[in-house]
Structures are given as structure tokens and as C-alpha cells.
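Remember, predicted model here, so these are calculated numbers, not experimental data. Positions are given from 1 along the sequence. In what follows, every heavy atom counts, from backbone to side chain, and hydrogens, waters and symmetry copies are set aside.
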Amino acid sequence: MFISIPSRHKPGPRWAVPLLFAAIWLAFLWSISRPDEARRSLWMDWGALSTGLGNPQDWWAALRDGSVLRLFTALFLHADWSHLLGNLVFLLIFGLPAERVLGPWRLLLLFLLGGAAANLTALYAMESPDQIIIGASGAVSALLGAYLALFPGARLGVVVPLGLFLEFVRAPAYLLIGVWAALQVVFAYIGPSFGMVAWSAHVAGFLFGIVYGLYIRAAIARRLRKRHGF
């Protein structure tokens with residue numbers, strides 16, 4: 001007979017999502033406090049540029065001078081309030097449950113690596129040279145992908161307008177997130193180009209998050225089996 005004894009170890013505090021939330025907020029407040037010309041210069045200096053990584057020599061130069069880090073710093077810059085608030089809402093909704101399973105360090109790694117991979121994909125997908133990619137949309141898309149991989153049976157609340165009334169319903173997460181992902185793929189081909197939304201970054205971040213979530217879920221399952229001796 002095998003008896004499972006609950007662990008006395010309490011999970012640590014969830015600090016990764018609050019830290020990211022605060023960092024994005026502070027970066028935005030700092031940017032809007034600057035004049036328009038200085039703000040555009042800030043985007044040029046810290047945003048992800050669409051040129052300069054076309055061959056191995058460019059990559060080596062970017063690694064040497066540190067400009068490759070702009071793939072990460074671009075995640076904390078936002079163009080306006082709607083751009084900012086949309087990303088922050090999704091960060092809280094999907095980031096907090098994911099951090100409960102992943103832990104803060106894995107969540108932080110997911111956000112940064114998923115966002116950088118999304119920005120890099122958008123750089124190669126964009127046809128216009130010397131464009132800038134900013135925003136946490138790719139990283140947030142990675143959180144959505146990881147959430148779907150970690151909680152495939154979850155249900156999300158949705159407010160549906162029915163005439164003059166609003167109805168709150170709960171729908172499977174895979175359905176809602178699947179519809180969202182399908183729209184990103186469609187918009188990547190027929191949606192607005194950069195200057196509004198880098199749709200390819202959303203798709204790349206989402207796929208990165210799914211792979212990351214599946215890998216972590218399998219690793220957690222193996223660790224639990226080993227802990228319980230089977």
C-alpha cells in the first residue's frame with residue numbers, strides 16, 4: 001500500500017508577473033514624459049530594428065556591441081495607452097496562473113525568450129527596412145501558448161453582448177485561445193502591416209509558448225513521479 005503524504009513545503013511568492021507589470025509600467029511612464037522627438041529616439045535606441053541581422057557577420061557584430069539585447073529591451077516599450085493596457089491585461093490573466101505552475105524564474109524565462117523569439121521572427125517577416133518593433137505582445141502571446149499547454153481543460157469567462165444585455169459565459173480555454181491564434185495567422189497575411197501590429201510576432205510567440213509549456217509540463221510530471229517513487 002502506498003500513501004501520499006502532502007508536502008509541508010509552501011510555494012514561494014509569485015513575484016515575476018508583478019515585477020514585469022511594474023517594469024513595463026515604469027518604462028511607459030518614463031517614455032511618455034519625454035518630448036515626441038526624444039521618445040522616437042528612445043524607440044530607435046532600444047527597440048528591435050528590422051535591419052542589421054541579415055547574415056552571420058551582422059549577428060557577430062550585434063553580439064559584440066550588445067545591440068542584440070534590443071530584442072529584449074523592445075518588450076518593455078509601448079507606443080500608446082491602448083497598446084500598453086491590452087498587453088498588461090493579458091499578462092495578468094494568463095501570467096499569474098502560469099507562474100503558479102512554472103514558478104517565477106521559469107515564467108520570467110518564458111517571457112523574455114518567447115518575446116525575443118517573437119521579435120526576431122517579426123524582423124525577418126517584415127519587408128520594409130528600418131522599421132522598429134516595440135511592445136510585449138510577442139511575450140504575452142508566449143504566455144497564452146504556455147497557458148494552453150499547462151491548462152488544456154481550463155475554462156475562461158467571457159462577456160457576450162446579447163441585445164441590450166451582457167451575458168457572462170464560461171467557454172473552454174482551448175476554444176477561445178484557438179480562435180485568437182487562428183486570427184493572428186489570418187491577420188499575418190491580410191491584416192495591417194507594421195506601423196500597427198506585427199502579427200507574425202504573435203504567432204511566433206504563441207508557438208514558442210506551447211512548446212515551452214509542453215516541455216515544462218513533462219518535466220514537472222517526471223519530477224513528481226520520481227518524488228513519489230514510480
*Asks:* Please report the interatomic distance CG(Leu71) to CG(Leu112), rounded to the nearest 0.5 Å.
*Replies:*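 Between Leu71 CG and Leu112 CG, I get 11.5 Å after rounding to 0.5 Å.
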*Asks:* In this structure, would Leu91 and Leu26 fall into the same cluster of hydrophobic residues linked by side-chain contacts under 4.5 Å?
*Replies:*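 Result: no, two separate clusters.
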*Asks:* Testing the basics here: between Gly209 and Leu110, what is the closest heavy-atom pair and its distance to 0.1 Å?
*Replies:*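 That would be CA-CD1, 4.1 Å.
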*Asks:* Could you report the tightest heavy-atom contact between Arg217 and Ala149, atom names first, then the distance?
*Replies:*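 Nearest pair, atom of Arg217 first, then Ala149: NH1-O, 2.9 Å.
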*Asks:* Grab the two heavy atoms, one from Ala118 and one from Gly138, that are nearest each other, plus how far apart they are.
*Replies:*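 In terms of heavy atoms, the two residues are closest at CB-CA, 3.6 Å.
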*Asks:* Ile133 pairs by side-chain contact (heavy atoms from CB on, under 4.5 Å) with which of Leu120, Thr121, Asn119?
*Replies:*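 Only one option passes, and that is Asn119.
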*Asks:* How many angstroms lie between CG in Leu123 and CZ in Arg70, if you round to the nearest 0.5 Å?
*Replies:*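 Taking CG in Leu123 and CZ in Arg70, the distance rounds to 10.0 Å.
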*Asks:* Phe111 vs Phe76 aromatic rings, parallel, tilted or perpendicular, using cut-offs 30° and 60°?
*Replies:*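 Rings of Phe111 and Phe76: tilted, 30 to 60°.
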*Asks:* Could you report the tightest heavy-atom contact between Ile134 and His83, atom names first, then the distance?
*Replies:*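 Smallest interatomic distance, heavy atoms only, reads O-CE1, 3.5 Å.
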*Asks:* Run Ser31 and His78 through side chain to side chain contact (heavy atoms under 4.5 Å, CB included) and show every step you take.
*Replies:* CA-CA 9 Å; Ser31 67; His78 290 80; over 6 Å; no
*Asks:* Can you name the nearest heavy-atom pair linking Glu99 to Pro104, along with the distance?
*Replies:*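 Scanning both residues, the minimum pair turns out to be OE2-CB, 3.4 Å.
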*Asks:* With clusters defined by side-chain heavy atoms of hydrophobic residues (ILVMFWY) lying less than 4.5 Å apart, directly or transitively, does Ile24 cluster with Leu69?
*Replies:*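 Looking at the clustering, Ile24 is in the same group as Leu69.
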*Asks:* Would you compute the distance between atom CG of Leu143 and atom CG of Leu148 and round it to the nearest 0.5 angstrom?
*Replies:*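 Here the interatomic distance stands at 12.5 Å.
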*Asks:* Give the C-alpha distance, both sets of side-chain angles, the deciding distance and a yes or no for side chain to side chain contact (heavy atoms under 4.5 Å, CB included) between Tyr147 and Val101.
*Replies:* CA-CA 10 Å; Tyr147 182 93; Val101 175; over 6 Å; no
*Asks:* For the CG atom of Leu75 and the CG atom of Asn87, what is their distance to the nearest 0.5 Å?
*Replies:*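 These two atoms lie 9.5 Å from each other.
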*Asks:* Can you tell me if Phe151 has over 12 outside heavy atoms packed within less than 6.0 Å of its CZ?
*Replies:*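 It does: Phe151 CZ has more than 12 such atoms within range.
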*Asks:* Give a yes or no on whether Trp25 and Ile32 share a hydrophobic cluster (residues Ile, Leu, Val, Met, Phe, Trp, Tyr; joining criterion: side-chain heavy atoms under 4.5 Å apart).
*Replies:*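 Yes; tracing contacts between hydrophobic side chains, which count when under 4.5 Å, links both residues.
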*Asks:* What is the minimum heavy-atom distance between Ile216 and Arg106, and which atoms define it?
*Replies:*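 Looking at all heavy atoms of both residues, the closest pair is CD1-CD, 3.6 Å.
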*Asks:* Does Val89 share a hydrophobic cluster with Leu92, counting links as ILVMFWY side-chain heavy atoms below 4.5 Å and allowing steps through other members?
*Replies:*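 Cluster IDs for Val89 and Leu92 match.
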*Asks:* Are Leu29 and Leu85 connected into the same hydrophobic cluster when the rule is that any two of I, L, V, M, F, W, Y join if their side-chain heavy atoms are below 4.5 Å apart?
*Replies:*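 Yes.
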*Asks:* Once you round to the nearest 0.5 Å, how far does CH2 of Trp15 lie from CH2 of Trp105?
*Replies:*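 Here the interatomic distance stands at 4.0 Å.
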*Asks:* Using a cut-off of 6.0 Å, state whether more than 12 heavy atoms not belonging to Phe21 lie near its atom CZ.
*Replies:*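 Yes, the 6.0 Å shell around CZ holds more than 12 heavy atoms from other groups.
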*Asks:* Can you tell me how far CG of Leu107 sits from CZ of Arg14, rounded to the nearest 0.5 angstrom?
*Replies:*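 It comes to 10.0 Å.
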